[in-house]
Amino acid sequence: MRPSRLTLRLLVAVLLAGGLVYFLERRVPSTDDLREKGRKAFQVDARAVAGLDIEQGGATLSATLVNGSWMLAKPPGMRADAAQIQRLLDRLEKIGRGSLLTMEDIRARNMTYNDFGLAEPVARITLHLERSRREILIGRNTPLGKEVYVMEAGGRNVMSIESDLLDILPKDPHLWRDRRVFPCNPKDFTRVELHRPSGFVELARNEGGVWELRQPVSGRVLPEGIGRLLQLLGTLRVEKFISDENPASGGFGFEEEKHVIRAWMEGQPFPLRLTLGKAIEGEKNLLYARVDGIMAVFAVSEGIRQLADYEVDALRDRKLLTQDIRGLRQIRITGPDSSVRMDRSADGRQWTLEEPVKHPAGVLQIGQVVKLWKEGVIAHFLRDAGESEGKPPLYTIEFSGDDSAMERFEVHAARAADGAVVVHALHEDGWFAVVPEAIRHVSSRALDYRDHQVLALEPAAILSLQRRNGTTAVSLVRAAADAAWSAETNGVTAVAAAINDLLAAAAGLNARRLVEADARDLGRYGLDDPSVAITFGLSGRSGLGRSLLLGARAGNGETYALIRGQDLVFVLADADLLPFLEPLVAAAPPTAPAPPADAAP
């Protein structure tokens, strides 16, 4: 059924009425709002104030809000203490009204504005708004002394308000000057320049937010060092205002500009330039100072001059390798005659030799190199290459991380004056004197980084053993991994305990050191005619077997050895050889004779 015209008209009327109610309710303050507003002495919105003048005791303080900062009219360029101004504006916005006297009340009491101290007010506050201004006159105290009389210029009514408003007003205009020399938090600095007799220093924050040294040399800075410097700058305060005269008038020691600090801050297009003058006579540990653009001379602590003379090297980071080793992914070492590249697996657990040959790398050996460089310290900073200029390095080492970070160093043969190792950081073009001495002796041979495990056989896969010692040979076999071992020579039996020890040793045999890869002259190691050869016959896909050859004695309780077919000569410690040299067979026990067939039972 279609709705009637009357129904549609009623619906439209209801919607219009609802909209009107919403429109009115949205704009009309509540009774509580009106009551609260009526209690306030002044209808002031602190956020709408763009400037103010305070006249009190014959002095006038004028401040204007410029680009979010309160600036004083006198002296030109001086910042106002924003907290003091905000405190006054908040109080004007919230202060309550006491008694109210209308013009009729004043006439009825046969009084004039002079009786309230308003003809010649104690103080006058002028608020500058966007299109208007308001003047608040403050007179004398009420008879009880807890309130003061006030009125707005152009108005007729006199009010009483709490007298704490007078306590907020500045007794001395100097008290409302911003005493911060650099008006920002330490974290807001972006660049600092120090001009001083000992030389120019420039520090800046890069795009990644990290501070770095740019002059007199480029390099990393110590986070703690730059943090202290910025903290001192950010907390530097004016100890005393000396004069509002032209700082260039002389007598303050600014002419030579021996110490100048320029600082850039976030949100500020131009730097703030602080010039330090001479010491103030009669004032302990104070210096004259000025800031460009401010027509004033003030006093600061003498400690700022010590800061300006800060030793550059004291700010520099003395870490040699800065990468997080957990993110290290590649190491490349290049010497005069050899080079090696080692890559780390994605899970960080394994290293692999990739160049010049692919082979499992030794985690221990690589860990020693990383530890050595990570613990290396810059003893002092060199200004140039010195004796290393134009000479090839002992080796070059490059550390690459998973975040594309790369640090590349050259280690040189020349010594620093104190005997430290000379290192050139190519990635930041810095020359360092480095300790410890061991950094000079890092190898670039691939062999020194190969995994020392030379034999890793699964015991269950070994089905035959043969040990040849000169002309003597012992052969053992078993049908399966769980079968008993038997000797292929009559009259002997397998010694199970010795065989189990040998199999366990073959499951993880590590060389004490690696001697030579692809050795052409095995005779020098006694391996052309080995003293002992042990061959393991394997089942499954690895059934070709492995042979461990033992050669001549290497001294120091070691023996040269080789895995046949791998051509890598290594040495084994005598203690590691014992399981391979134990007797594997023993004489079989005699067999009891069979009894005669006709013997009586």
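These values consider heavy atoms only, across backbone and side chains, with no hydrogens, waters or symmetry-generated copies.
Side-chain atoms of V340 and L353, non-hydrogen and from C-beta on, do get closer than 4.5 Å to each other. Looking at L307 and L236, their side chains never come closer than 4.5 Å, going by heavy atoms from C-beta outward. Residues D317 and L222 meet the side-chain proximity criterion, which asks for heavy atoms closer than 4.5 Å. Looking at heavy atoms from C-beta onward, L447 lies in side-chain contact with L568 at the 4.5 angstrom threshold. In this structure, V411 and V442 have side chains that are not in contact, with every pair of non-hydrogen atoms separated by 4.5 Å or more. In this structure, the side chains of V435 and V421 stay at 4.5 Å or more apart for every pair of heavy atoms. Put simply, the side chain of M265 reaches to within 4.5 Å of the side chain of P183, judged on heavy atoms. Between Y395 and I439, some side-chain heavy-atom pair lies under the 4.5 Å cut-off.
Note that CG of D188 and CD of Q268 are 9.5 Å apart. Values are rounded to the nearest 0.5 Å. Here the straight-line distance linking atom CD of Q453 with atom CG of L509 works out to 8.0 Å at 0.5 Å rounding. To the nearest 0.5 Å, atom CD1 of residue I85 and atom CD1 of residue I168 are 13.0 Å apart. Rounding to the nearest 0.5 Å gives a distance of 5.5 Å between CD of E516 and CZ of R524. The CZ atom of R553 sits 11.0 Å away from atom OH of Y560, with the distance rounded to the nearest 0.5 Å. Once rounded to the nearest 0.5 Å, the distance linking CZ of R318 with CZ of R220 reads 11.5 Å.
Looking at R262, R273, R290 one by one, the single match for salt bridge (charged side-chain N to carboxylate O under 4.0 Å, His left out) with E257 turns out to be R273.
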Extract all donor-acceptor atom pairs below 3.5 Å that involve side chains of residues 356-366 and protein atoms in other chains or at least two apart in sequence.
| unit_1 | atom_1 | unit_2 | atom_2 | d |
| --- | --- | --- | --- | --- |
| K358 | NZ | E354 | OE1 | 3.1 |
| K358 | NZ | E354 | OE2 | 2.8 |
| H359 | NE2 | R450 | NH2 | 2.7 |
| Q365 | NE2 | R450 | O | 2.7 |
| Q365 | NE2 | H452 | NE2 | 3.3 |

Would you give me the side-chain donor-acceptor pairs under 3.5 Å for residues 293-303, sequence neighbours excluded?
| unit_1 | atom_1 | unit_2 | atom_2 | d |
| --- | --- | --- | --- | --- |
| S301 | OG | G303 | N | 3.2 |
| E302 | OE2 | R305 | NH2 | 3.0 |

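For D518 and R520, the salt-bridge test fails: no basic side-chain N is under 4.0 Å from an acidic carboxylate O. In this structure, R415 pairs ionically with E437, as a charged nitrogen and a carboxylate oxygen lie closer than 4.0 Å. The pair E266-R205 counts as a salt bridge, with a side-chain nitrogen and a carboxylate oxygen less than 4.0 angstrom apart. Between D324 and R326, at least one side-chain N (NZ, or NE/NH1/NH2) sits under 4.0 Å from a carboxylate O, which counts as a salt bridge.
Using the six-membered ring where Trp is involved, H424 and H412 have ring planes that are tilted, between 30° and 60° apart. Ring pair F200/H195 is tilted by interplanar angle, where 30° to 60° counts as tilted. Between F432 and F381, the ring planes lie perpendicular to each other; the angle is over 60°, past the 30° to 60° tilted range.
At a cut-off of 3.5 Å, with distance as the only test, a side-chain donor of S338 or S444 sits close to an acceptor on the other residue. When only modelled atom types and interatomic distance are considered, S339 and E355 share no side-chain donor-acceptor pair under 3.5 Å.
No more than 12 heavy atoms of other residues, nucleotides or ligands shown are found within 6.0 angstrom of CG on N67. By the 6.0 Å contact criterion, NZ on K319 is open, its count of non-hydrogen atoms from other residues, nucleotides or ligands being 12 or less. Within a 6.0 Å radius of NZ in K258, no more than 12 heavy atoms belonging to other residues, nucleotides or ligands are found. More than 12 non-hydrogen atoms from other residues, nucleotides or ligands lie less than 6.0 angstrom from CD of E311.
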| said: side chain to side chain contact (heavy atoms under 4.5 Å, CB included), that's the test. Do V201 and R196 meet it? Break it down for me. | reply: CA-CA 8 Å; V201 177; R196 70 268 182 86; 3.3 Å; yes

| side chain to side chain contact (heavy atoms under 4.5 Å, CB included) between D53 and H128, worked out | CA-CA 8 Å; D53 303 317; H128 298 273; 2.7 Å; yes

| message | Between R180 and D178, does the salt bridge (charged side-chain N to carboxylate O under 4.0 Å, His left out) criterion hold? Intermediate values first, please. | response | CA-CA 6 Å; R180 297 174 302 163; D178 188 352; 2.9 Å; yes

| field | Worked verdict on E256 versus K278 for salt bridge (charged side-chain N to carboxylate O under 4.0 Å, His left out) | value | CA-CA 10 Å; E256 298 182 13; K278 65 183 182 180; over 6 Å; no

| message | Checking T559 against L577 for the side chain to side chain contact (heavy atoms under 4.5 Å, CB included) test, could you report, in this order, the C-alpha distance in whole Å, the side-chain angles of both residues, the deciding distance, and whether it holds? | response | CA-CA 9 Å; T559 298; L577 279 178; 3.6 Å; yes

| query | When you look at L514 and D448, which way does the side chain to side chain contact (heavy atoms under 4.5 Å, CB included) test go after all the steps? | reply | CA-CA 7 Å; L514 307 181; D448 293 327; over 6 Å; no

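Contact record, W431 with S388: CZ3-CB, 3.8 Å, taken as the closest heavy-atom pair. In this structure, H259 and A308 approach most closely via the heavy-atom pair CD2-CB, 3.9 Å. Between F241 and M78, the shortest heavy-atom distance links the atoms CE2-CE, 3.6 Å. Contact detail for R191 and W211: the closest heavy-atom pair is N-CH2, 3.5 Å. Closest heavy-atom contact between L394 and P336: O-CD, 3.3 Å. For the residue pair A561 and L572, the shortest heavy atom distance occurs at CB-CD1, 3.8 Å.
Checked by atom type and distance alone, the side chain of R179 pairs as donor or acceptor with a backbone atom of V238 at under 3.5 Å. For Q323 (side chain) and G401 (main-chain N/O), a donor-acceptor pair under 3.5 Å exists by modelled atom type. Put simply, the side chain of K74 never gets that close to the backbone of S62: no donor and acceptor are under 3.5 Å apart. With hydrogens and angles disregarded, no donor-acceptor distance shorter than 3.5 Å links the side chain of T275 to the backbone of F254.
Between W373 and F409, the distance separating the two ring centers is shorter than 6.0 angstrom.
The salt bridge (charged side-chain N to carboxylate O under 4.0 Å, His left out) pairs that include a residue from residues 237-252 are R177-D244, K240-E283, where partners are two or more places apart or lie in different chains.
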